[in-house]
**Q** 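There's a structure below that I have some questions on.
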Amino acid sequence: MRIEFSGKAFGSHQVLGPVTLDLAPGRRLAVLGPSGIGKSTLLRIITGLDGAADLRRQGDTRLAVVFQEPTLLPWRDALSNLTLVAGATDAVARDWLDAVGLAGLENHFPRQLSLGQQRRLALARAFAAGPDVLVMDEPFASLDPETRDRMLTLTDRLLNRSGAGLLLVTHDRTEAEALSAAILRLDGRPALLSAEKRSG
Ligand SMILES: Nc1ncnc2c1ncn2[C@@H]1O[C@H](COP(=O)(O)OP(=O)(O)OP(=O)(O)O)[C@@H](O)[C@H]1O
């Protein structure tokens, strides 16, 4: 899917310049840039949570989004969080719960799960929706180093298993590298995306 728009302003503040971005299954991209540059704004436009006047989408690519906070339904158990929100069948939901190490916890409510388990549930939910591209907004921020490394390994494995592409927004280049994502820098005023040259 190609996403194109000529810019995004809030009032007189021109945050983003022209953007052209190609997303596809199997293609892994990471957007890096300083705080406040417009990374979340870019992601909100791509996922349709925010608008851009002349936004054009070519191609039909299903996106699933994982935010920094797990955003689960508190009054539904783990299984229902997948079947209701992702629209997965019971069998598909159980399979993804198993893949993230939550087998046996299908009937636990989010508050009965640790924060790490809640994040894995949110990841399972995203994959259970069968996306072509997984979109992640700072999903590993605020995790302790060990949990972060486990989540990175798990995400990499699930991306391989599903064949989905990735669009990751992060401050941290080691996360992009751990997921073998090509790095796009978002920088300048208004901000522009540019591919980072690989050295060596
Ligand atoms: N709804 C809004 N109304 C007005 N200004 C906004 C709005 N959303 C974002 N901005 C401004 O747009 C700029 C980019 O914000 P954005 O949250 O996209 O940055 P970011 O790169 O994601 O930052 P961080 O890495 O700190 O999360 C900021 O100057 C912010 O104040």
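As the structure lists them, so they are numbered: ligands from 1, and atoms in each ligand from 1.
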**Q** Kindly write out the residues that satisfy side chain to side chain contact (heavy atoms under 4.5 Å, CB included) with L192, not counting sequence neighbours, or none if the list is empty.
**A** P18
**Q** Would you check if R57 and F5 make a side-chain contact, meaning some heavy-atom pair closer than 4.5 Å?
**A** no
**Q** Give the C-alpha distance, both sets of side-chain angles, the deciding distance and a yes or no for side chain to side chain donor-acceptor pair (under 3.5 Å) between S6 and D54.
**A** CA-CA 7 Å; S6 64; D54 59 350; 2.7 Å; yes
**Q** Would you please name every residue forming a ring pair (Phe, Tyr, Trp, His ring centres under 6.0 Å) with F140, sequence neighbours left out?
**A** none
**Q** Under a 3.5 Å distance rule, please check whether T147 uses its side chain to pair with a backbone N or O of L143 as donor and acceptor.
**A** no
**Q** As a test of reading the model: which residues have a non-hydrogen atom less than 4.0 Å away from ligand 1?
**A** F10, H13, V15, P34, S35, G36, I37, G38, K39, S40, T41, H171
**Q** Can you list the residues that meet the side chain to side chain donor-acceptor pair (under 3.5 Å) rule with T41, with sequence neighbours excluded?
**A** none
